[in-house]
Amino acid sequence: MTRIRGPRDLDRLGPEQLEELAAEIRSFLVDAVSKTGGHLGPNLGVVELTIALHRVFHSPKDKILFDTGHQSYVHKLLTGRQDFSRLKSKGGLSGYPSRAESEHDIIENSHASTVLGWADGFAKANQVLKKDDHVVAVIGDGALTGGMAWEALNNIAAAKDRPLVIVVNDNERSYAPTIGGLADHLATLRTTDGYERFLARGKDILERTPVVGRPLYDTLHGAKKGLKDFIAPQGMFEDLGLKYVGPIDGHDIEALESALLRAKRFGGPVIVHCLTEKGRGYQPALADEADRFHAVGKIHPDTGLPIASSGIDWTSVFGEEMVKLGREREDIVAITAAMLHPVGLDRFAKIFPDRVYDVGIAEQHGAVSAAGLATGGLHPVFAVYATFLNRAFDQVLMDVALHRCGVTFVLDRAGITGTDGASHNGMWDMSILQVVPGLRIAAPRDADQVRAQLREAVAIDDAPTVVRFSKGAVGPAVAAVGRVGGMDVLRRPAEGPADVLLVSVGALAPMCLEIAGLLDKQGITTTVVDPRWVKPVDEALAPLAEQHRVVVTVEDNSRVGGVGSAIAQSLRDAGVDVPLRDFGIPPRFLDHASRKEVLAEIGLTAPDIARQVTGLVARLDGRLEDSPTEAARD
């Protein structure tokens, strides 16, 4: 594989060498990804397809665009990026396309169902600027369950003479098996003899028939739409005005190249339907019925078993409590957007199969459907990654909240997630949702609070509720030493009023207790509270803040419009004039690295925050009037 330094190196390889290369790539992926973790199954499934794409099209002049991009590892290898030793780690390769890495990475969308919109824009730009570049969009059958994909197809089909190749990578899965009407339709295509083979054979026979052969073939060819629908119901695409090629064996390089070359020459929008096998060539992945090793941590390459267990995680705690709630309340139903296992709803689905709805990669529909379920007398729990709820904001606002629907949104992977990079950090939800009237947000600090606050959320039937928690292992329980209003007091001075009121949000409670300990060593006393419900701001917070000299908020969310901003506004409204410092995530896209490394990079650590708070208190005491260096730190 080291002989491949760029896509054009593929041109000199014959069929046997290409097959050898495919095998080498699979071996490399298993070995490399088992050491670092990453998206293994999707990439094992697109080896031959990616080779064929780079042989037929000339990247970067021709734009090869990947939807989501978790299947781009083979693309990275073929474009000269073969050091996977720090995949998804700080300073290493991104787990998705990255424009900072290579001119061959055109977009880095990382959220599903968007690539066809990008492709439509590029194709229109080529037309206006009279460029002869080709645009190729690779999208999975799972991503075609997203409404954005069909909005784009509607626009793409409007121009019959605008070249654009859409490659449908059909492996019957997104994370788990793809479901829904589209999936059923594609399944029919998979199991039906291809029309193109039938027509080619018929043409050969008829053209050898004297006198009537050619006219009869022309008649049949003219009626091919109806014939196609009879033999293979691919009319779904052709009804939109899109030329359809396939289904093609996605692991036959020669067949793939032939299909892609035909699509390239067509001169209009073309669908090339490729059938691939997620996890191909690696038995542990093929044996994993849950998601075919969609994403793995560090594993033993021979067995596929994890090297180490990280202990119970936030997702599992939620999943277990959902099962308990399901047994107690028949009105509890669950919704997922093609991520049943990743969000922890798999056990609920096994026990209550008629009470779980997988809407596909369609968060907007999921939110509106939840509003309907709630209005119909049920209490839906929609579990989704925090970063993906961004996509359904209008529906949360205008369908769920406006109608005062009792819907609970459970946001997994909230805050800094790290290794998946900018698109997957769940750092915007508490800012975006602050503007939604009536909506309530819970930020549990530990497993016990996940259980308790999930129960509190589903008990609310006249407004939307949100429960958000982090990625990975749950730490030890953080005990409360008291209660003020609805807030838990996690620490208070032994005697007398404290200098600092430290408001801890969610999973950052251990860090906030560490900050309080560091401040105590500086002679600064601290009260630490966990609001539990961060929206609306607890009415008891303003009177409590008034008893302190400084208020400090710490959250795993953007500082812009987040919990700190909401608390500052609440204090102003109450006429409480106490200095406030809000610590959170800066408003920028963050590069991939571990969660710990990202937190350190942005200064969201106990020593960094304690140092700044110490400086603030010192200025209030007038001790740093002549120290511009310390003042600049604040």
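Side chains are part of it too, since the values below use all heavy atoms of this structure and drop only hydrogens, waters and symmetry mates. Positions are given from 1, in the same order as the sequence printed here.
No more than 12 heavy atoms of other residues, nucleotides or ligands sit less than 6.0 Å from atom CZ of R404. Dense packing is recorded around CD of E328, with more than 12 heavy atoms of other residues, nucleotides or ligands lying under 6.0 Å away.
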Determine whether W533 and Q453 satisfy the following criterion, side chain to side chain contact (heavy atoms under 4.5 Å, CB included), listing intermediate values before the conclusion.
CA-CA 8 Å; W533 290 86; Q453 293 190 265; 3.6 Å; yes
Chi angles and distances behind the side chain to side chain contact (heavy atoms under 4.5 Å, CB included) call for L389, V396
CA-CA 9 Å; L389 188 71; V396 173; 4.2 Å; yes
When you look at L305 and I299, which way does the side chain to side chain contact (heavy atoms under 4.5 Å, CB included) test go after all the steps?
CA-CA 5 Å; L305 296 173; I299 59 174; over 6 Å; no
Check the pair T336 / H341 against side-chain hydrogen bond (donor to acceptor under 3.5 Å, both in side chains), numbers first and verdict last.
CA-CA 9 Å; T336 176; H341 291 80; over 6 Å; no
List the steps, then state whether side-chain hydrogen bond (donor to acceptor under 3.5 Å, both in side chains) holds for N557 with S431.
CA-CA 8 Å; N557 182 78; S431 298; 3.0 Å; yes
Verify side chain to side chain contact (heavy atoms under 4.5 Å, CB included) between Y357 and L373, making sure each step is shown before the conclusion.
CA-CA 11 Å; Y357 305 98; L373 285 163; 4.2 Å; yes
D556 and R595: salt bridge (Lys or Arg N to Asp or Glu O under 4.0 Å), yes or no, with the steps?
CA-CA 11 Å; D556 196 2; R595 174 178 164 85; 2.7 Å; yes
Output, in order, the C-alpha distance, side-chain angles, deciding distance and verdict of ring pair (Phe, Tyr, Trp, His ring centres under 6.0 Å) for Y385 and H424.
CA-CA 8 Å; Y385 283 10; H424 279 58; 7.0 Å; no
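Here R468 does not pair with D412 in a salt bridge; the nearest charged N to carboxylate O distance is not below 4.0 Å. Look at D31 and K35 and you find a salt bridge, because one of the NZ, NE, NH1 or NH2 atoms lies within 4.0 Å of a carboxylate O, short of that distance. Using a 4.0 Å cut-off between charged side-chain N and carboxylate O, R532 and E456 make a salt bridge.
The backbone N or O of L286 sits less than 3.5 Å from a side-chain atom of R292, completing a donor-acceptor pair. In terms of modelled atom types and a separation under 3.5 Å, the side chain of R355 and the main chain of G326 share a donor-acceptor contact. In this structure a side-chain-to-backbone donor-acceptor pair under 3.5 Å is present from H379 to G406. Side chain of K471 to backbone of W314: no donor-acceptor contact under 3.5 angstrom is found. Although no hydrogens or angles enter the test, the distance criterion places a donor-acceptor pair under 3.5 Å between the side chain of S34 and the main chain of V30. A side-chain donor-acceptor contact under 3.5 Å links R445 to the backbone of V478. Formation of a donor-acceptor pair under 3.5 Å by the D252 side chain with backbone atoms of I248 is not found in this model. Using modelled atom types, no side-chain atom of W118 and backbone atom of I107 make a donor-acceptor pair closer than 3.5 Å. Put simply, the side chain of T375 never gets that close to the backbone of G372: no donor and acceptor are under 3.5 Å apart. With hydrogens and angles disregarded, no donor-acceptor distance shorter than 3.5 Å links the side chain of Q364 to the backbone of A362.
Atom CD1 in I361 sits 4.5 Å away from atom OG1 in T145 (nearest 0.5 Å). The distance from the CG atom of N425 to the CG atom of L590 is 5.5 Å, given to the nearest 0.5 Å. Rounding to the nearest 0.5 angstrom, the gap separating the CG atom in L345 from the CE atom in M322 is 5.5 Å. Taken from CG in L439 to CD1 in I432, the straight-line distance is 12.0 Å, to the nearest 0.5 Å. Here the straight-line distance linking atom CD of Q283 with atom CG of D288 works out to 11.0 Å at 0.5 Å rounding. Remark: K76 NZ to F84 CZ distance equals 7.0 Å, nearest 0.5 Å.
Residues V46 and N169 are in side-chain contact: their nearest non-hydrogen atoms beyond the backbone lie under 4.5 Å apart. The shortest distance between side-chain heavy atoms of L397 and L402 does not fall below 4.5 Å. R391 is listed as a side-chain neighbour of T114, based on a closest heavy-atom distance under 4.5 Å. Proximity of M430 to V466: side-chain heavy atoms (C-beta onward) are nowhere separated by under 4.5 Å. Side-chain contact between I25 and N43 is absent, with no heavy atoms from C-beta onward closer than 4.5 Å. Between E277 and N171 the shortest side-chain heavy-atom distance does not fall below 4.5 Å. Residues Q395 and H365 have side chains not in contact (no heavy-atom distance under 4.5 Å, counting atoms from C-beta outward). The shortest distance between side-chain heavy atoms of P531 and D538 does not fall below 4.5 Å.
Taking the centre of each ring, H294 and H70 come in below the 6.0 Å mark.
The nearest pair of heavy atoms linking A337 to V359 is CA-CG2, 4.0 Å. The shortest non-hydrogen separation linking A386 to A414 is CB-CA, 3.8 Å. S72 and G95 get closest at one heavy-atom pair: OG-O, 4.4 Å. Nearest approach of P380 to I335, heavy atoms of both residues: CB-CD1, 4.1 Å. A pairwise comparison of heavy atoms in A374 and C405 identifies CB-CB, 3.9 Å as the closest pair. In this structure, A149 and L116 approach most closely via the heavy-atom pair O-CD1, 3.7 Å.
Exactly one residue among V400, V467, V381, T465 makes a side chain to side chain contact (heavy atoms under 4.5 Å, CB included) with F409. That residue is V400.
There is a side-chain donor-acceptor pair under 3.5 Å between D170 and H273. If you check the side chains of D420 and T417, you find no donor sitting under 3.5 Å from an acceptor. Using modelled atom types and a 3.5 Å distance limit, the side chains of H592 and Y96 yield no donor-acceptor pair. Of the N and O atoms on the side chains of D530 and S504, not one donor lies less than 3.5 Å from an acceptor on the other residue.
Classification of the F318-F469 ring pair by plane angle, with boundaries at 30° and 60°, yields tilted. Between F352 and F348, the ring planes lie tilted relative to each other; the angle falls in the 30° to 60° range.
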